[in-house]
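Everything on this sheet refers to the single structure shown next.
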Amino acid sequence: CLSPGSRETINISKLYRELSLFPSLTRADVGPVITSQYGGKYSNIYTEWSQRDLERNENVKFCRQYIVFHDDKSVVYSGPSGNCTEIKGELLSKDSPSGDMKAVVRESIIKGEDKQFLEIWSKNIKVKSINLTALKKHGKVYEDDQFGCLVWSHSETHLLYVAERKRLKAESFFQSCSLADEEEGVKMGKEEETTKGEQFVFYEDWGETLVSKSSPVLCVLDIEGSNVSVLEGVPDNISPGQAFWAPSDTGVVFVGWWHEPFRLGLKYSPNRRSSLFYVDLTGGQCEQLSSGSSAVCSPKLSPDQCRIIYLECAVYGPHQQCSRLCMYDWYTKRTSVVVDVVLSECILFILTVCSPGGSWSLLTIERNLMVVSWSSPNCPPSLRVGFLPLGGSREEVDWVVLEDSQTQPDIDWQILNFTPPPEQDNSQYPGLDFDALLLKPKDVKEGVKLPLIVTPHGGPHSVIVADWLLSSSVLCRMGFAILLVNYRGSIGYGQDSILSLPGNVGTQDVKDVQFAVESVLRGGAFDEQKVAVAGGSHGGFVACHLIGQYPEFYKACVARNPVINLASMIGSTDIPDWCMVEAGYNYSTDCLPDPAVWEQMLNKSPIKHVKQVKTPVLLTLGEDDKRVPPKQGIEYYRALKALQVPVRLLWYPGNNHSLSKVDAESDGFMNIALWMTQHLSL
Ligand SMILES: CSCC[C@H](NC=O)C(=O)N[C@@H](CO)C(=O)O
């Protein structure tokens, strides 16, 4: 085993430090069109970035602005305006539509207590700073991308946001308060309504990454009067979010999620019963705008304020299944389907006309000006802008780079396509192919066979795209090849591929990955004795299946928060429906434990094959994971210990499912790299 101070360990940490310097783009906003004194038209582009700061042990957020001169169909001149500025304490921010003002929700610690403020900035002045905590109209403001929003009214006189409903201060049954205390409280204006007997009441939350978010309310600030009000009219059994102002500011449109009979995890789960609603500001009447038997998200008002587009999919079933794009006409109240569920091979037009190859991520589009983050497995994110070709023409977009990044010359990558052998074809969904991304060190000496790390993604309905991946690029620079497999069931290939997997987890996904690895090995460039597997969550499920079903094949395994036993997980995860659906059953909120279903869940789980495992396993677990509770990993750890299979468990307090806090991520990476080096005897 390499010691922490060995030259090799130091070199790996140096590489990690070097490659973790590249920031990623998290947001872009395009400002209004301004005409300069010389007649040229330009827009400001505001961007936010995130970068790991290993010294400070946190992800730092910073912004940079760019100026883009254009003629409405092409960029004429562009460049940065000033340097980067770190953003501290901002939970949410938004420029007003005219660009004249900016609103910020800020968190600040004052005398050891967390306080939230809503600030209004105009030119170089902070014109308002409203202490939301002191107002006590609601609890904490939601800053997440599930419910959260900060939206200017069209008139720029009001702001809309979402916060936790106000709760009365809970006191012990035995709390005594003297008359003198009460009188003092009243005198000081500090009296607070309290309630007895509620101190230990359980409040459901919305699960992984949304803990302590239970009952959101829509809040409006009247800027002129500095007055905050909580909107009335939202039904009691609905949690509102993703809100915006209706045409002419007559009310608010929002997505409402039903939270009865109980809340289920929402992260990566757009398949929760929900609908579009409109609440009228004058009468407080609430109207349901979409069907009550589906799941909706991401509503947007068209620039002409006449239509709302949104995504809609079925309730339950596979998480991240295909959605249809719907349009609601504000004036006729009619709904139409713009793009229906795509059954097979979904390739967006924009991706087909963009070169170079890699990953194009649209940050925003305003008046046909697209702002994108482009990256590839050997090139960290760069910022580009380009106009959408007019009238949907298939012309190439003329991309202009606003912020470039350095290509990593030592990394090579390619996309591989696989057709499963006939005996592995899915009879219900025949003829499905799948892809994989292969990363390799560039100049390999003649005769050298590379060690290979196989990585199935999680989900299972998610996807690996050809973007910049920090850990894969460091491993590649260390001399490993990495094979990232989009087995059948991944997203981006249409609904049929997604539906082919539920009921077949532990076989179809596992066989696809094994087929991909064996096909790649047949090429002769890789060392068959040096193959490892690593995956997180459902990717950890596939990894642990592979070492159980192919016990001689893999020389090392790493699993982050892996699903080990569907039957034991259903009672503790925030998404029990996932366990039922992936095991091949329908879910309903009133389903009770059924021995036959549990037996199938067990049969499809990695724990079923643990007796065959010989591969050394490194487990990385997040203490606060609500999705795959760490007890899943512990279950595997105990079984491996009993079988005397080498196992090492890393336990990360304060971390959830993603293990993405800077210290957990970097420590996890170093341990993974050393585990691979040790067991593949590099
Ligand atoms: C009951 S947990 C199911 C696995 C989990 N699915 C959704 O959250 C998963 O695999 N998550 C992926 C992301 O989709 C991960 O990498 O964490």
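Predicted model only: the values in this text are computed from it and were never measured. In each ligand, atom 1 is the first atom listed, and ligand 1 is the first ligand listed.
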Note down each nitrogen or oxygen pair, ligand 1 side and protein side, whose separation is under 3.5 Å; give only atom names and the distance to 0.1 Å.
| unit_1 | atom_1 | unit_2 | atom_2 | d |
| --- | --- | --- | --- | --- |
| ligand 1 | 6 (N) | G459 | O | 2.9 |
| ligand 1 | 8 (O) | R627 | NH1 | 3.0 |
| ligand 1 | 10 (O) | G459 | N | 2.5 |
| ligand 1 | 10 (O) | S537 | OG | 2.7 |
| ligand 1 | 10 (O) | H538 | N | 2.9 |
| ligand 1 | 11 (N) | S537 | OG | 3.1 |
| ligand 1 | 16 (O) | R560 | NH2 | 2.9 |
| ligand 1 | 17 (O) | R560 | NH1 | 3.4 |
| ligand 1 | 17 (O) | H657 | NE2 | 3.1 |

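Here the options are D467, T26, L362, L25, the test is side-chain contact (heavy atoms from CB on, under 4.5 Å), and the partner is S373; only L25 passes. In summary, of the residues considered (V647, T615, L649), a side-chain contact (heavy atoms from CB on, under 4.5 Å) with L640 occurs for V647 alone. A side-chain contact (heavy atoms from CB on, under 4.5 Å) with F541 is found for exactly one of L546, V628, I564, D509, namely D509.
Looking only at atom types and distance, the side chain of E635 has a donor-acceptor partner in the side chain of N565 under 3.5 Å away. H319 and E582 form no side-chain donor-acceptor contact under 3.5 Å, judged by distance and modelled atom types alone.
With contacts defined as side-chain heavy-atom distances shorter than 4.5 Å, the pair W257/L266 qualifies.
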